[in-house]
Number of protein chains: 2
Amino acid sequence: MSDLLERLRGRGWRMTAQRRVVAEVLDGDHVHLTADEVHARAADKLPEISRATVYNTLGELVSLGEILEVSTDHRAKRYDPNAHRPHHHLVCARCGAIRDVHPTGNPLTSLPDSERFGFTVEGVEVTYRGVCPSCAAA
Amino acid sequence: MSDLLERLRGRGWRMTAQRRVVAEVLDGDHVHLTADEVHARAADKLPEISRATVYNTLGELVSLGEILEVSTDHRAKRYDPNAHRPHHHLVCARCGAIRDVHPTGNPLTSLPDSERFGFTVEGVEVTYRGVCPSCAAA
DNA sequence: TCCTACAATGGACTCTGTCTAAGTCAAGTA
DNA sequence: TACTTGACTTAGACAGAGTCCATTGTAGGA
Ligand SMILES: [Mn+2]
Ligand SMILES: [Mn+2]
Ligand SMILES: [Zn+2]
Ligand SMILES: [Zn+2]
């Protein structure tokens, strides 16, 4: 985490209390919070932080490649601090729970040239859908 | 298309002018329109059709499995009449153009049991991202 | 310490989609 | 054909998520 703050400082980021608490909230693995969830948690530490600042900071962190935007349900976007190890997502269709997963192989290789229509293909997102154990039990 | 209308009639749908024009708009392959685009095209034929009716009808067609919802950019959902042949999508990062693609193999098999966390996995969506030829030329 | 460019703020605004109450009409019945 | 009825449509209010902007504040360099 302080690694992150160091990297950001090295990139010329002005270090403010707001940016620090947003970065702190986004620490840890398997965290996939919405902007408003980030805002709520940041406001626990810094009550007057505004929603606009949270959105601005999240957008900057995405541009810098420090976090990822994840859209699994067409509701609020989620922000994923696990940006340095490529992964995909497994989503519960009932409760929305999200797990990071690491499929075998490279999904890019499964798209033949004849299916690329002249595009330069740069990336791929895979979203597995299913039912989590606790929803299946209930 | 009249196949579709027949199937719907068989399912007890009351056949209205509004539903007919929405179904007509969604005819054809590689069509991925937003609800408001469907509304605009439907209104060319039936000027007083309301947005609510378009949303209602699209939702019903999705429930019936006649069209698919596609979310590639976290803006408006797109509606895809190609619901009967499984496929995935290739999206231009610059202009948003969407192509249907058919990757080789079954992406479900690339998720090992050890990466399923007890979920019952039922489906998978693959979104390839790249730059289309006309954006690359520009 | 002072300066100033960069950052934070709150509220208005946009976009997408949902909901509701009232009016309309498709299609079954006689 | 005319009647009847519940399914369907409508306009507009409402809501969630996110953006924009004018104003105010401040990090960090001189
Ligand atoms: Mn993740
Ligand atoms: Mn498609
Ligand atoms: Zn669940
Ligand atoms: Zn393009």
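Chain identifiers are assigned alphabetically (A, B, ...) following the order of the sequence lines, protein sequences preceding nucleic acid strands; residue numbering begins at 1 within each chain.
- As rounded to whole Å, 10 Å separates atom P of dT19(D) from atom NE2 of H74(B).
- OP1 or OP2 of dC8(D) sits under 4.0 Å from a side-chain N or O of R19(B).
- Whole-Å rounding puts the E48(B) CD to dC25(C) P distance at 13 Å.
- Across all strands, A76(B) comes closer than 4.0 Å only to sugar-phosphate atoms, never to a base (heavy-atom distances).
- To the nearest angstrom, P of dT26(D) lies 14 Å from CD1 of I49(A).
- A 4.5 Å side-chain heavy-atom check between K77(B) and T34(B) finds every atom pair outside the cut-off.
- Map N56(B) and W13(B) each onto its nearest nucleotide of DNA chain C; the residue landing nearer the 5' end is N56(B).
- Following rounding to the nearest Å, L33(B) (CG) and dT16(C) (P) show an atom-to-atom distance of 14 Å.
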Query - Test side-chain contact (heavy atoms from CB on, under 4.5 Å) applied to H102(B) and H88(B), step by step - result: CA-CA 6 Å; H102(B) 302 86; H88(B) 298 281; over 6 Å; no
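- Put simply, the side chain of R11(B) gets close to the backbone of L64(B): a donor and an acceptor are under 3.5 Å apart.
- T53(A) comes within contact range of at least one nucleobase, with a heavy-atom separation under 4.0 Å.
- In this structure, H39(B) reaches neither bases nor backbone, as no heavy-atom distance under 4.0 Å exists between it and the strands shown.
- Note on Q18(A): a side-chain N or O is less than 4.0 Å away from OP1 or OP2 of dT9(C).
- Here the nucleotide nearest the side chain of R75(A), chosen from dA11(D), dA17(D), dA8(C), is dA17(D).
- Side-chain N/O atoms of R51(B) and base N/O atoms of dG17(C) include a donor-acceptor pair closer than 3.5 Å.
- Between H74(B) and H74(A), the distance separating the two ring centers is shorter than 6.0 angstrom.
- At least one side-chain nitrogen or oxygen of T16(A) sits closer than 4.0 Å to the OP1 or OP2 atom of dA8(C).
- A straight line from CG of D73(A) to P of dG16(D) spans 15 Å, rounded to a whole angstrom.
- Counting all heavy atoms, side chain and backbone alike, S110(B) lies closest to P107(B) at OG-O, 2.6 Å.
- dG17(C) atom P lies 11 Å from atom CD of E37(B), rounded to whole Å.
- Distance R20(B) CZ to dC25(C) P: 14 Å, rounded to the nearest Å.
- Residue Y55(A) contributes atom OH, which lies 12 Å from atom P of dG16(D) at whole-angstrom precision.
- The base of dC8(D) is not paired with the side chain of R14(B) by any donor and acceptor separated by under 3.5 Å.
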